Each structure stands twice: as structure tokens, then as C-alpha cells.
2 protein chains.
Amino acid sequence: MTTLKDVARASGVSVMTVSNVINGVPRVGPATRERVLGAIADLGYEVNLTARRLRSGTSGTVALVVPRADHPYFGELADAFTSVLRATGRHLVIEQSGASKEGELTALSQARLQMYDGVLLSAVGLQYADVDRVQADLPLVLLGEKPMPPQFDQIQLGNVEGAQLATAHLLDRGARSVALVGGLTGPTDGGMQDQRTEGWRAAHRAAGRTPDDRLILNPPALEMAASRQTIRDAVSGGLQLDAVFAITDQAAIGVVAGLRDVGLRVPDDVQVVGFDNLAIGAHLWPELTTVDPSNHWLVTEAVRLLERRMAGEHGDAEHLVTPVSLVVRGSTR
Amino acid sequence: MTTLKDVARASGVSVMTVSNVINGVPRVGPATRERVLGAIADLGYEVNLTARRLRSGTSGTVALVVPRADHPYFGELADAFTSVLRATGRHLVIEQSGASKEGELTALSQARLQMYDGVLLSAVGLQYADVDRVQADLPLVLLGEKPMPPQFDQIQLGNVEGAQLATAHLLDRGARSVALVGGLTGPTDGGMQDQRTEGWRAAHRAAGRTPDDRLILNPPALEMAASRQTIRDAVSGGLQLDAVFAITDQAAIGVVAGLRDVGLRVPDDVQVVGFDNLAIGAHLWPELTTVDPSNHWLVTEAVRLLERRMAGEHGDAEHLVTPVSLVVRGSTR
DNA sequence: ACGATCGTGTTTATCGATATACCACCGTGT
DNA sequence: ACACGGTGGTATATCGATAAACACGATCGT
């Protein structure tokens with residue numbers, strides 16, 4: 001492997017001069033600069049980012065920590081971040097925290113995080129206290145679903161508002177029994193599922209109805225297969241419903257399949273609304289009505305906040321909530 | 001930030017002893033070990049991976065380089081890799097090469113790759129020559145779609161076989177005009193699209209038919225929206241077809257939507273087969289018949305090959321092809 | 001005419017860890 | 001008594017880069 005030293009020897013200057021050429025420091029004469037650039041090209045030298053990181057403390061890399069990569073929502077998010085960050089000359093890598101507690105803590109450990117100039121953390125399983133232990137001077141923007149320590153910038157989706165929009169839309173289109181797939185009835189942890197459940201309740205209250213907790217279904221996992229099974233079992237078990245608000249698009253896709261399994265038509269017999277506005281929603285049959293959480297807004301703001309921290313600012317942290325809107329398609333009347 | 005030095009001072013030993021404790025080197029007395037572990041816990045010390053990487057040359061991290069993260073296929077792949085690698089005590093990060101040539105070269109640069117102990121590279125846009133320039137002693141497994149330099153291990157999907165299976169299935173079920181969405185007619189580069197096109201041709205020949213190049217449609221991008229538009233335009237333009245082999249599930253989803261747009265029913269009027277066996281395929285309507293490329297097999301083998309290289313073996317590289325199988329569902333008769 | 005400044009490089013110290021050689025001490029066999 | 005191997009720990013050099021201070025001839029201001 002060629003190092004600065006090799007380049008220096010080949011071009012007859014000191015390593016420091018080569019370093020200065022590489023970093024564009026303007027204390028190198030034009031002739032010397034050319035000679036060094038020539039040697040770099042000849043030897044095919046490339047800077048060792050590990051060494052640079054150790055010495056200078058910057059790597060030009062930002063990490064996006066997500067629970068898992070096979071969820072399309074995070075894929076779309078990662079793609080958006082990559083293009084926005086590329087414009088600022090930075091590089092994005094994606095880390096998976098996994099579903100397990102250990103996995104999330106590992107991803108959160110100083111050791112890992114120190115490898116990056118900044119971190120965008122979207123870990124749904126972590127608690128307030130876990131995040132609170134993270135060294136406060138790391139440029140960190142939380143995309144957390146639940147309230148997080150005030151020392152860090154945070155952007156949450158408009159979960160309550162979005163869920164309320166979705167539910168209100170269903171009630172407005174004549175639904176009388178709006179099941180909530182992915183909702184929670186038990187003790188609350190303030191997470192995404194809680195917030196969307198709250199939105200579902202709020203919409204009922206605003207319409208002068210009393211939410212019926214028997215309509216809250218919680219599949220073992222927020223995936224297509226589990227949601228499909230859950231809705232199928234519920235209907236087979238005699239649950240009466242004429243609409244479903246599924247708290248993610250993935251769950252909604254499972255719900256639509258499950259309803260089909262038991263012979264119910266969407267939207268004629270049961271209307272369905274999802275949440276996330278995944279790209280695929282527009283290509284399903286029926287096309288999925290969903291809540292758009294303004295991913296682009298989130299990405300832009302998150303990068304702005306992160307850049308501010310990486311620039312060394314130590315002002316008060318901001319806690320933002322994305323604006324949401326409803327995308328009405330064929331799965332509702 | 002606390003360093004080895006701080007821990008050493010706190011526990012009254014040399015930094016080397018602390019390092020030995022951390023790495024389980026058995027030349028530390030039990031009493032000393034306890035004292036050091038206590039200090040580590042007190043100070044909340046965590047090893048600096050950057051420094052360790054620089055000195056020892058290992059970081060415990062493997063990178064998966066994919067074209068883009070918002071494609072569900074790569075998300076599912078990343079998830080599979082993460083769990084398999086976790087079992088061997090390694091950590092996976094995902095890098096996106098992007099659609100652009102520069103992006104791919106950047107991701108491939110020595111500088112980036114040196115940050116990792118090994119690299120799983122799934123870049124579709126790179127040419128043989130680009131990869132050939134990569135330093136040969138980097139543990140690198142290519143998940144490339146096109147033939148790659150022999151000095152690196154490579155695993156390809158069974159593209160030709162899979163496409164042949166899919167097309168033969170359609171012909172077998174009575175199709176007479178099997179359109180190929182995502183196929184190529186022009187000069188070949190040996191890539192995935194070429195290989196699947198070849199499989200489509202081979203199936204025709206095996207059935208005693210002559211493939212008709214007018215049935216090859218190439219959307220501007222292998223995405224849902226573009227494929228939908230392409231099939232819609234083709235049918236509106238008078239193309240006669242009673243089956244479609246879409247070379248990716250994403251394209252197939254677009255195709256199904258596009259056929260619906262022009263009033264054709266799947267599978268009654270037109271049968272459709274995809275390729276990738278994405279999880280979502282089982283939850284669509286109609287459920288998607290597709291080619292299963294044996295992702296799990298690929299992941300297991302790729303990790304085996306990579307571990308071998310990371311262990312320092314320098315034997316001959318292996319070039320493998322995944323076994324494929326057809327998953328028959330409702331989008332074909 | 002002489003100190004001050006500028007332009008161009010070089011030297012030295014350092015980031016935080018690990019590899020290697022080295023050292024002190026103890027018990028043991030002959 | 002003395003060489004010797006084993007145990008437990010320390011000192012030094014090093015990975016490849018950058019920050020900061022230093023060196024020194026040429027030009028400049030007054």
C-alpha cells in the first residue's frame with residue numbers, strides 16, 4: 001500500500017508538503033504542487049481515511065442508524081439522505097440496529113459512533129435513558145418516534161396528526177367501525193404506536209364518537225404476513241368492521257391481503273388507510289390511501305440540524321414535528 | 001473522551017496491561033485484571049475503533065456496497081447478511097454506490113474500502129476494468145451481475161436459468177406472446193439484463209419457437225412507475241401479448257398495474273412472472289409468480305468466501321452461481 | 001540600511017491503540 | 001549455587017496522517 005511517505009520520496013519533498021497538496025493548503029509552490037500531483041497519480045496513492053480520522057478527528061462520513069434495512073420506509077429514507085448529503089460533500093453509511101436490545105446498544109456505543117462525524121439515529125426500540133447516556137458532544141440528530149433527551153436535536157413524524165387525519169377521513173367517508181391495526185391498548189411508552197393510537201382516539205372524539213378498544217388489533221410484528229394473519233383471525237372471530245387504519249403501509253398491505261382472504265372487498269366492504277406513503281402504494285390494487293409523513297422535509301431539516309452540530313454549534317436543541325398530509329387513493333371511497 | 005491512558009492511570013498499571021485485559025491476553029494476573037475492569041467500568045471507557053484499525057489493521061466491520069438502498073431486494077439482502085455476520089461476531093454497514101458512475105467509483109476507492117475488513121460488492125454499473133483496478137489483497141466478494149475479474153470470489157444469481165424457468169413456465173401455460181420487460185436488444189455488456197434476456201431466448205428455442213424481438217421492452221428505469229408506463233404504452237400502441245416476464249419483481253408490480261390501467265386482467269388476459277421473490281409478492285393481488293434466486297444460499301456462501309479471505313487465505317477464487325427455482329402463484333394460470 | 005513580512009518548506013509532536021522486545025521475580029532441578 | 005523456564009508486567013516503536021512551530025532566503029517599508 002502506498003503512503004504519504006512513498007509519495008514524498010518519489011517527488012523529493014517532505015510528507016507534510018504532500019499532505020498540504022492533498023488538502024489544498026496554499027503554501028505550496030505551483031511547480032512543487034505539479035510534481036507532487038504527478039507522483040500521486042503515478043503511484044495511485046489514496047489517502048488512508050483511518051489515519052486521517054485518528055489524527056484530525058473527521059472522516060467525512062455520516063451514519064444513519066435504522067432498526068432494519070428490509071423495511072422499505074428506511075430504504076427510501078436512506079436514499080433521500082444519501083443524495084442530500086452528497087451535495088454537502090459527505091458520505092452516508094447505513095447501520096442496522098436490529099430488533100434486539102443488544103444490537104441497538106451496540107450500534108449506539110461510543111466506539112461505533114466515534115467512527116463518524118455525525119449520526120442520524122432512527123432507533124425505535126431505545127429508551128430515553130439509553131440515549132441519555134450517549135456523550136452529548138456527538139453531533140446526533142434523533143429521528144426517534146418517542147420523546148428523547150432535550151440535549152439532542154430531534155425530528156418526529158406527525159404521528160398524532162397523521163393518524164387523526166387518516167381516521168377522520170374514514171369516519172367522514174361513512175365508516176362506523178374503524179379497526180386500528182398496530183395500535184396499543186396497554187401501558188404506553190410514548191412510542192410511534194402509542195402516538196398513532198392517540199390520533200385514532202382523537203379523531204373519534206372530534207367526531208363525537210367513543211373509540212371502542214375492541215377494534216384495536218396488535219399483530220405480533222408490524223409486517224405484512226403478521227398483519228394479514230391478524231385481520232383474518234379477527235374477522236373470522238366475528239369482529240364487525242367497515243374500515244381499517246393500519247399504522248404503517250406495510251401493515252396495510254397485509255390487511256388488504258387478509259381481507260381478501262376472508263372474502264371482503266376493499267374499499268366496498270372495508271376501507272383501508274395506511275401510513276408512510278411508500279412508493280409502492282400507488283401501484284397496488286386498490287391503490288392505497290395513506291398518510292404522507294413528508295420524508296423530504298424530514299431529510300432536509302435533519303441534515304440542516306446535523307450540519308449545524310458538525311460545524312460546532314452548541315445552541316439549544318430543536319425538537320421538530322413533520323407536517324403530514326393525506327393522500328387519497330382507491331382503498332377508500 | 002477517556003482513553004487507555006486514563007484507565008491505566010486510574011488503575012495504576014501501564015497502558016499495555018489495560019490493552020491486554022481488553023483483548024483477553026492471558027498474561028495478566030487475576031487481581032490486576034479485576035482492578036482494570038473496575039476502572040474501565042467506572043470511567044465508562046470504550047475502545048477507539050479508529051485507533052485500533054490503524055494499528056492492528058482490523059475493525060471487525062464488513063461493508064455491503066449496493067447500488068441503492070430503496071430497492072427492497074437489497075434491503076432483504078442486507079438484513080440477511082447482518083444476521084449471518086452477527087453470528088461470526090462481525091458488524092455490517094451498508095454503503096450506497098448510487099446510480100452515478102462517480103458514486104460507484106467513490107465507493108470502490110481504496111480509501112473507502114480500507115476502512116473495512118472485508119467488502120461485499122453488489123454494484124451493477126461497474127465494469128470489469130473498474131473492479132480489476134482494485135487492490136487484489138482486499139477481502140472482496142463480488143455479488144456482481146456481470147462476469148468479473150478472476151482474482152476475486154464472485155457469486156452470480158442464476159439469471160439465465162431463472163429467466164428460462166420463468167419463460168418456459170409461461171409458454172407451458174399456453175402463452176404465445178411472452179413480452180420481456182427490462183430486456184435488452186442492443187450490444188450486450190453481459191450484465192443482468194442481458195443474462196435474463198438470454199434465458200428468455202433460450203426458453204423459446206427449447207420450446208421450438210423463435211423469440212420475437214419486438215416483444216422486448218426496455219423501460220427507462222427498472223422501477224415500478226417506469227415499467228407501468230412502458231407496458232401501458234406498448235399495449236396502447238397495439239402490441240399483442242398474452243404474457244409478460246418482467247426481469248425484476250419491482251418491474252412486475254409496475255407491469256401488473258399498467259395492464260390494469262389498460263383494462264387487461266392478470267392472469268386471465270395476460271400472465272405475469274417476476275424475478276427476485278420479494279416478500280411482498282405473496283401479498284399482492286394477484287399474488288406474484290416469481291423466480292426465487294436463493295438469497296439465503298447466496299448470503300451463506302458469500303460469507304463463507306469472505307471469511308476465508310479475511311482469514312488470510314490466498315487460494316484460487318471461486319465463481320459460483322445460485323440455484324434458482326420457480327415460485328408459482330396467482331399471476332400465472 | 002535594517003528589522004519586518006512573506007512565501008515555501010521542513011521538523012517535531014501527536015491522535016489512541018497494539019506488537020514486540022525486554023525485565024524482574026519466583027520456584028526448581030542438578 | 002547457578003542456569004532455566006514460567007509468570008506478570010513495563011518500555012519503546014509504530015500504524016499513516018495532520019497541527020503547530022520553526023527555518024530561511026527574498027522582498028518590503030520607512
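Since the structure is predicted, the reported quantities are computational estimates derived from the model, not experimental observations.
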Subject >> B:Thr50 vs C:dG16: side-chain N/O to OP1/OP2 distance below 4.0 Å >> reply: no
Subject >> Those residues that, when tested against A:Thr300, pass side-chain contact (heavy atoms from CB on, under 4.5 Å) (two or more places apart) >> reply: A:His296
Original post:
Any side-chain donor-acceptor pair under 3.5 Å between A:Asp132 and A:Gln151?
Top reply: yes
Subject >> Rounded distance [0.5 Å steps], CG in A:Leu64 versus CG in A:Leu92 >> reply: 5.5 Å
**OP:** Let me know the distance between CD1 of A:Ile40 and P of D:dA17, rounded to the nearest Å.
**Re:** 10 Å
Subject >> Among A:Leu140, A:Thr58, A:Val62, A:Thr61, the one residue meeting side-chain contact (heavy atoms from CB on, under 4.5 Å) with A:Tyr116 >> reply: A:Thr61
Original post:
Step by step, would you call A:Val7 with A:Thr2 a side-chain contact (heavy atoms from CB on, under 4.5 Å)?
Top reply: CA-CA 8 Å; A:Val7 177; A:Thr2 63; 5.5 Å; no
Original post:
For DNA chain C, what residues of residues 29-37 of chain A have any heavy atom nearer than 4.0 Å?
Top reply: A:Gly29, A:Thr32
Original post:
With a 3.5 Å cut-off and no angle check, do the side chains of B:Gln114 and A:Glu46 form a donor-acceptor pair?
Top reply: no
Original post:
Which parts of nucleotides 17-26 of chain C does protein reach within less than 4.0 Å, heavy atoms only, written one letter per nucleotide 5' to 3' as B for base, S for sugar-phosphate only and - for none?
Top reply: BBBBBB----
Subject >> End-to-end axis angle, where each axis spans five pairs of the helix from C:dA1-D:dT30 to C:dT30-D:dA1, to 10° >> reply: 60°
Original post:
Does a salt bridge link B:Arg304 with B:Glu307, judged by any charged N lying under 4.0 Å from a carboxylate O?
Top reply: no
Subject >> Qualifying salt bridge (charged side-chain N to carboxylate O under 4.0 Å, His left out) pairs with a residue from residues 14-37 of chain A, counting only residues at least two apart or across chains >> reply: none
**OP:** Check whether the side chains of B:Thr82 and A:Arg68 place a donor and an acceptor atom closer than 3.5 Å, and report yes or no.
**Re:** no
Original post:
What residues form a salt bridge (Lys or Arg N to Asp or Glu O under 4.0 Å) with A:Asp276, not counting sequence neighbours?
Top reply: none
